[in-house]
Amino acid sequence: MVLHLTGDWIAQETGLRDAATVQRVIAEAGGAARLRFETGELGRWDSALVAFLHALRRAGAATAEPAMELDDTGLPEAARRLLALAAEAGPSAATPAAPNGDPLLTRVGRRSIANWAGAVAAVALIGETVLRSLAALLGRRVWTRGVDVLQSMREAGAGALGIVAIVNALVGGILAFVGAVQLRRFGAEIFVADLVGIAMVREMAVMMTAIVLAGRTGGAYAAQLATMQGNEEIDALKALGIPVFDYLVLPRIIALVAMLPLLYLYACVVGLLGGLVVSASVLDLTTTAYIEETRRAIAGTQFALGLAKSVAFGALVALAGCHIGLRAGRSAADVGRAATSAVVAGIIGVIALDAVFAVCANALGI
Amino acid sequence: MSGAQDDRLNVHGLTLAFGTRVILRELSFSVRRGSIFAIMGGSGCGKSTVLRAIIGLLRPAAGTILVDGEDYWAATEAHRTEISRRFGVLFQNGALWTSMTVAENVVLPLQMFTQLDSASIDALARLKLSLVGLGAAGERMPSELSGGMRKRAGLARALALDPDILLFDEPSAGLDPITSKRLDDLILELRDGLGATIVVVSHELPSLFAICDDGVFLDAETRTAIAHGSPGALREGCDHPTVRAFMTRARPEQLTAMEDPHGRR
Ligand SMILES: Nc1ncnc2c1ncn2[C@@H]1O[C@H](COP(=O)(O)OP(=O)(O)OP(=O)(O)O)[C@@H](O)[C@H]1O
Ligand SMILES: [Mg+2]
């Protein structure tokens, strides 16, 4: 059987022959044991020709019955050599990929097992945090370096002062404005101070700050750890026997747990100031009266509640970021996904935890 | 063959897999005290994976790895960490900690595992960097280094704690012949001077022949070891076509074609 190859075979210009053409050639060969080539009229050629011959050979070996052999003596010398090189990819390249057409039940099962493993790992991380913190408090050897803690504190705390100020001043101002419009109708302008004070100190300051840190720091933690994973930096730590938890996770948790309460207090001050500025400009209130009313409205317990929340939120944001970063894959896309899910998990977690706090505080009558 | 007493590493019946994908099966070899042991084989045959199993990053699907007679993977995690301290590892891509300078990369293991004061630690780190020819690059960040420099910095870090089992994944890949020769000398010096046992993964034939006195050849197709012995001995005496081709830098079918002019292809 002889196949005549004619004309130009240039991938960019003439395109590649598709699988149907290959099958047609095989079918027309009709069980011939050898296929020879006639290339007298062959024009210019490049990979397009080689790809066609390669496909033909694979199809000839796999689908034709009996297997068809290519007799490459008629081909141009260079094409023959390239074809021979392509043949050597060998069986290892043809390792079957994981089938993606699994039945629904298998996929559901696999997904559930993965989710369960994720949940177990998250709980394990929380447990490890508690144990290692206790160990540190009891004076055991912990492989955390002070410089790393300070570095994380500076990034998470001092670095966030600007954005925390802007967000909380605006929230305080908005609360004051909404309150002013409503309360003026009842002639109860002075209670704007109560509204802003209680809302900021109990809820908004800590929640807004935690959300800002979830976006700013939680996402960064996840991205950092995921990148380290991809660079084998974490493997290098493990190979040396430096505990990854102590060295990478603990400093970050300590930093956020220490910084969020401080940022919370700062946010309260800025938020109250924002409320004061707006109230003073839209309402007929003196600054002194406003401050006096605020002082009357917010008690120490409100601050205690806010501080308790800030500690919990700090731990949550740091844990979510580190957990997701450490479990991320090793590609650039995985780093992006890890950062995104850390931010989402942080924000949702903060709001959900805040709801739990609200219920508990209500039950306790705080 | 010397007695098992002298084996620092003993790998027996090792099967390695990622999930359900088996990379190597039934792999056995042992590394004598004070030898420079080569892990050879084509690209993608699982050399780096073997190293990952030895240093505790990939749990074998089956088989044992004995380090100085102790079963590495049967030990508790804490004990495994103890054993790992005997290892100095150079990763194939260097795996430097990119948020620290080169010098800090070398300093960190010393800070973590020794009680030395910071002046001595700095002096040691400078020494290790000079050993690999990077004395002047200590203050640079890993991202500012060339590929070969990163490799050498990784080597300096592997040497930081003076470990007595060194595992190098392609130490001389990407280095010029002169630096590569210097590295060979350094490896010989580490063995002869400090008594270290060294396992190298390498493709560089000249350096394999020059320094290695034992080795194992892995094959991607059969997924196991197809030859044992030093690179020099394999070049002279091994009949396996893949090994011959590797050692003489030929393509396997060219080799068979040379021996058998009426090739059966
Ligand atoms: N994380 C992983 N998940 C799945 N398969 C992997 C993973 N890492 C490596 N492999 C596969 O394992 C095989 C061996 O990889 P390995 O890195 O050990 O090769 P190697 O012998 O070191 O090659 P080279 O000389 O090119 O570095 C390859 O086929 C590779 O595709
Ligand atoms: Mg490798």
Side-chain angles (χ1 to χ4, degrees), chain A residues 57 61 69-73 80-81 83-99 110 114 128 141-148 151-152 155 220-221 223-225 227-248 251 329-330, chain B residues 19-23 42-46 48 51-52 54-58 77-78 80-100 104-105 108-109 111-113 142-143 154 157-158 160-161 163 167 169 219-223 242 251-254 257 265:
Chain A
R57 181 170 57 199
E69 238 187 280
L70 299 197
D71 180 354
D72 59 8
T73 45
R80 211 160 63 211
R81 278 204 302 268
L83 196 59
L85 267 181
E88 284 160 29
S92 59
T95 318
R110 199 170 280 157
E128 187 154 16
R141 174 81 208 253
V142 175
W143 302 90
T144 307
R145 293 194 310 171
V147 281
D148 292 329
Q151 169 78 12
S152 299
E155 277 165 15
Y221 286 176
Q224 282 166 2
L225 296 188
T227 308
M228 291 185 76
Q229 190 89 260
N231 284 343
E232 294 188 309
E233 291 179 45
I234 293 190
D235 289 341
L237 285 175
K238 287 185 188 157
L240 262 174
I242 299 176
V244 172
F245 181 86
D246 287 12
Y247 181 71
L248 290 177
R330 290 172 180 250
Chain B
T20 55
R21 183 157 162 228
V22 176
I23 305 295
S43 182
C45 68
S48 303
L51 285 196
R52 292 178 70 81
I54 295 177
I55 61 182
L57 297 175
L58 177 72
E77 199 178 331
R80 252 201 326 268
T81 312
E82 291 275 297
I83 300 178
S84 306
R85 299 254 162 85
R86 286 173 225 163
F87 297 150
V89 186
L90 166 65
F91 285 80
Q92 188 165 2
N93 68 3
L96 295 174
W97 297 305
T98 46
S99 55
M100 301 181 208
E104 283 169 344
N105 265 277
L108 181 70
Q111 266 182 354
M112 284 288 188
F113 298 114
S143 55
R157 184 180 68 187
L161 290 166
L167 303 140
D169 199 341
D219 178 46
E221 241 162 89
T222 53
R223 309 233 169 103
T242 313
R251 299 216 311 264
E253 77 288 340
Q254 289 175 339
R265 299 189 62 227

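So that the names make sense, note that chain A is the first sequence line, chain B the second, and so on, each numbered from 1.
- Ranked by heavy-atom pairs shorter than 4.5 Å toward chain B, the options Gln224(A), Met228(A), Glu232(A) are led by Glu232(A).
- A distance of 4.5 Å separates CG in Leu108(B) from CD1 in Ile242(A), rounded to the nearest 0.5 Å.
- Top candidate by heavy-atom pairs under 4.5 Å with chain A, chosen from Ala95(B), Ser99(B), Ala160(B), is Ala95(B).
- Interface remark: of the candidates Ile83(B), Leu57(B), Leu161(B), Leu57(B) forms the most heavy-atom pairs closer than 4.5 Å to chain A.
- The parts of Thr98(B) that come within reach of chain A are both its backbone and its side chain, each placing non-hydrogen atoms under 4.5 angstrom from that chain.
- The structure places CG of Asp148(A) at 6.5 Å from CE of Met100(B), a figure rounded to the nearest 0.5 Å.
- A pairwise comparison of heavy atoms in Met112(B) and Tyr247(A) identifies CE-CD1, 3.2 Å as the closest pair.
- For Phe91(B), the part lying near chain A is the side chain, with the backbone staying farther off; criterion is any non-hydrogen pair under 4.5 Å.
- Residue Arg80(B) does not touch chain A at all, counting heavy-atom pairs closer than 4.5 Å.
- Ranked by heavy-atom pairs under 4.5 Å with chain B, the first of Ala236(A), Ala239(A), Pro243(A) is Ala236(A).
- Note that CG of Asp235(A) is 4.5 Å distant from CZ of Arg52(B), once rounded to the nearest 0.5 Å.
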